[in-house]
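Heads up: the structure comes next, in C-alpha cells.
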Amino acid sequence: MRNVKISGGQLIGMMFWTIMGTALISLPVLIGIHAPRDAWAAAVIFTIGGTGLGLIIGGLVNRFPGKDFVVYVQEVLGLWIGKLLIIVFLAWLLHTSGLVLWQIASFTHISLLPNTPFLPILAILVLPAAYVVIGGLENLARCGQVIFLPTFILLFVLFFLLIPDVNLQNLLPVFGDGIPNILRSSITPIALAGEIMFVVFLAPYIREVRKAAKYSVITISLIGFGGLVNEFFYTAVFGQLRQHLANPFYAIIRYIKPTAFIERYDILFVTINLFGNFIKLSVFIYIFVFCLAQLLGMKSYRPLMAPTIIALLLLTNYSVKSPNELIFYFDTVFPFYTIPLLYGFPLLVLIVAKIRKVS
Amino acid sequence: MANRIRILLLIFLLLLIPSGCWDRRETEQLLLVDALVFDTAMIDNSEQYKVTLIASKPSPGGGGQMGMGGEGGAPQGAMQWTASAYGQTLDEAMLKFSARAPRYLYLDHSRIVIFGEALARKGVSEAIDFLVRSRATRLRNFILIFKGNEAGLLTAKPEFEADLARELFAILEASVREGDYFHPNDLNIVAQDILTTGQDPWAPVIEIFTPAHGNQENTGQAVSIKGTALFKADKLAGFLNEEETQSFLMLKRLANTGIYFLDINGEKVSYKYEQAKVKRKLTLENSKVNVDYDITLQGLIEEVHFYTELTEDEIDKLEKMLANKAQNSLAKVIDRCHELGSDALGIGRFIHAKEPKIWSQYGKDWAKIYPEMNINVKVNVKITGTALGSKPIVPE
C-alpha cells in the first residue's frame, strides 16, 4: 500500500466527480425549491464553504504529512474518542454511499431501464465500483484521471449548445428571492462541499503532500464554476419551471435544439452521469473499507469488500422510497448532521492538535 | 482447479450477454408518435379528455413509395396513422391506445403538441403538467392551438410532407424567418409562462382552409399556421389575427421580417422591415409606472405602384407616415391584449425584473392593474434603401 502514489491531477479528477456526481442530479431541484432565480448564488456560497474546509485540510495534512488520518486522530483525540468519531464517520459514509447508489440507480431506472427490478440495477452499478476498489487506490486514481477531462469538457459543451435558448430576464431581479432563501438554498451544497475532507484520507498517498490544500481548493473552485454555469443555465432556460422538473439536467440535455448533424444528446446525459457517479461511488466505498480496515488493524481491506457491498446493497434497497423523498431528505435532514461531521471533525482534530501541540 | 472455476464463471457470465436485453423494444414495435392532440369531449354527459395521436407508420414492404402526385391517397394513408382515445384523466386516455394498436406508445420523438380550442378555454395546465411529468415527451415540443372543431384538423391532408405533423413541423421550422405571421413556441416556454405571474402564455394557431385551386388529389383541406392565441394564466383568452400577430411579435422582440404598406392617393408603397430594434423602458409618473416601447425599424422599400424619384424629402415623408402606421397598429394590439386581460407581452415580468420594489405592490393583484397600465409605443422607421434598382414600370 505504502508505495502507491497519486498525482495532483488524479486527486482532482477523483474529488471533482465525488462532489459533482450528486450536484448534477439532486442539487438543481432542491436549490430551485428555495431560490429559483438566484440559484447561481448557491454555487458561490458552496465555493466559499469548500475553500474554508480545504484550508483546514491543508493545515491538518501539513501537520501530519504522510500519516493516516485514522491513526493520528487516535493520537490527537485519545484512543476511544478517536475511535468513536471514526465509527460515527464510517456510519455516515456507509449511509451516504447508500444514498448515492440509490440516486444513480433511480436515474438509471427512470431513464434507461424502466422495467428492470431495482435490486439488479443496484447490483450492476455497484459491481464496477467494487472492482475498481479491489484493484486499489492507483486504479481508482487512474479512472478518475481518465474520466475527468472528457466528462468535464462534455458538460460545458452541452451547456454552451443551449446559449440560443438563454433568457437573461429569468435571472432578474438579482437577489429577488431574498437573502434568507438564498442562504437556505445553499445549506445542502455546503454540506456536499464537506466531502472534500476525503482528501485527508488520501493525503498520505499524494506525491506532493504539501499541496493537498491547493488541490482541494482547485477542486472546489472547478466544481463551484461548474455549478455556477449549471445553475445559470437551468434558471436562464427553464425559469420558474426548473423547480417542477424531476431532473433538470436530463431535461436540459433533452432540450438542446436538434441539429441536422446530431439530433439527440440524451445518451451524453447517461454517459456523464454514469461515469461521474461511478467515480463517486468508488471513492466512497474505497474510503469506507480503507478506514474500516485501519480501524480494525487489518493489513488489507480486501476481505472487507464482500460484506461491505452486501451491506450497502441491503441498506440502499430499504433506505429510500422515492426520488422526492430523497430530495426532501437531502434538503431538510442531511445537511444538519453532515455539516457538523464533515466540517467539525477535521476542525476539531486540528484545534486539539494545536492545543496539545501534537504533530 | 481454482483457475478452472474462474474460467467457468467467466464463461457463464458471457453466456448471459448473448441472450439479449431484458426489456428490449424493437423499432418496428414502436408507435412513433409525431404529434399529440389534446381536447375535451362530452362522453356520457361528462366532460372527458380526448387525446389524439398523429403517428407515422412505416409503410409495409419498405420503400414502395408512390412519389409525388401518386394516384389516390393510398400511399399517404399508409404513412399517417391517427387515433383518438377518451378518458377522465389523461393517463387513462393514453393507456387506451394499447387496446387499439399492437405497438408501444413512443413519445420521445413527438415534436408537436396541439391543444383544441375547447380544452384551451378550459385551461391547459393539467395537460401541460402531464407532458412535463411524462418521462418521454421533450420540452422542445412545439405548442399549437387549433381553432374550432378538431375533426377538421384530422381530415386535413398534408400538401408537402408525409404526414400532418411533419407538415406542421416543417412550416414551423422553415417559414418562421420568412414573415411574421406566427412564431413557434414550445412546451418549456408555455409551462414557464403559466407558472410566472406577470407573464401569460401564447402560442401560434393552426388554420384549416380549402385550397382554391383543386389539387390533383382534390380531397379537401390543408393546414397553415397563422395568428396567435393569447392566454390568461392557463386559459385561452382570445386570438390575434395575422396583422395583429405581426405587431405582437414586434413587441415581444421576436420580429423577423414583415410588410407595412401605405396608400398614397390610391396607389401603394410597400415597406419591408428586416430588423426591428425594440427597447423597453419603465417610467415613473405620479407613483404610477408606465412602460415605453421605443422601436426602430430598418428595411427597404420593395414595391412602389407609382412613379417617383424617391428623393430624400420623399423618403423622410414616407418614413414618418410608415412610423405612424406602425404605431397605430401596435397600439391596437396593446389595446387588444388589455381587453383580453392577457399579459402575454410580459409587462408584469418586466416590471418585476426592473423594479422589484414596485412589483411587490403590484404583484398581488396584477390581473386588475394590468388592463389599466399605460403602455406607450414610439416607432422610428428607417428606409435604408430601395430594392428598386431601376425605375418602376408604370404606364405614363
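As the structure is a computational prediction, the values presented were derived from the model and not from experiment. First the proteins, then the strands, lettered A, B, ... as listed; each starts at 1. Scope of the values below: all heavy atoms of this structure, side chains included, with no hydrogens, waters or symmetry mates.
With chain A as partner, the option from B:Arg138, B:His109, B:Glu355, B:Arg133 having the largest number of non-hydrogen pairs under 4.5 angstrom is B:Arg138. Taking chain A as the reference chain and counting heavy-atom pairs below 4.5 Å, the highest number among B:Leu139, B:Leu195, B:Asn188 is found for B:Asn188. For the set A:Ile252, A:Leu171, A:Asp165, A:Ile256, the entry with the most heavy-atom pairs within less than 4.5 Å of chain B is A:Asp165. Between chain B and the options A:Asn247, A:Leu245, A:Asp266, heavy-atom pairs under 4.5 Å are most frequent for A:Asp266. Comparing A:Leu172, A:Asn167, A:Asn170 by heavy-atom pairs within less than 4.5 Å of chain B, the highest count is held by A:Leu172.
Classification of A:Lys257 and B:Asp186 as a salt-bridged pair fails, no side-chain N sitting under 4.0 Å from a carboxylate O.
Within a 6.0 Å sphere centred on CZ of B:Phe350, other residues, nucleotides and ligands contribute more than 12 heavy atoms. Counting non-hydrogen atoms of neighbouring residues, nucleotides and ligands closer than 6.0 angstrom, the CZ atom of A:Arg142 reaches no more than 12 such neighbours. At most 12 heavy atoms of other shown residues, nucleotides or ligands fall within 6.0 angstrom of atom NZ in B:Lys354. Counting heavy atoms of neighbouring residues, nucleotides and ligands inside a 6.0 Å radius, atom CD of B:Glu126 does not exceed 12 of them. Environment of OH in A:Tyr131: sparse, with no more than 12 heavy atoms of neighbouring residues, nucleotides or ligands closer than 6.0 Å.
For a residue to count as touching a neighbouring chain, one of its non-hydrogen atoms must lie under 4.5 Å from one of that chain's; by this rule B:Thr197 does not touch chain A.
At least one donor-acceptor pair closer than 3.5 Å links the side chain of B:Gln192 to the backbone N or O of A:Val237. With hydrogens and angles disregarded, no donor-acceptor distance shorter than 3.5 Å links the side chain of A:Arg254 to the backbone of B:Asp108.
In this structure, A:Leu241 CG and B:Leu187 CG are separated by 8.0 Å, a value rounded to the nearest 0.5 Å. Note that the CD1 atom of B:Ile194 and the NE2 atom of A:His244 stand 10.5 Å from one another [nearest 0.5 Å].
The heavy-atom pair separating A:Arg37 from B:Thr196 by the smallest distance is NH2-CG2, 4.3 Å.
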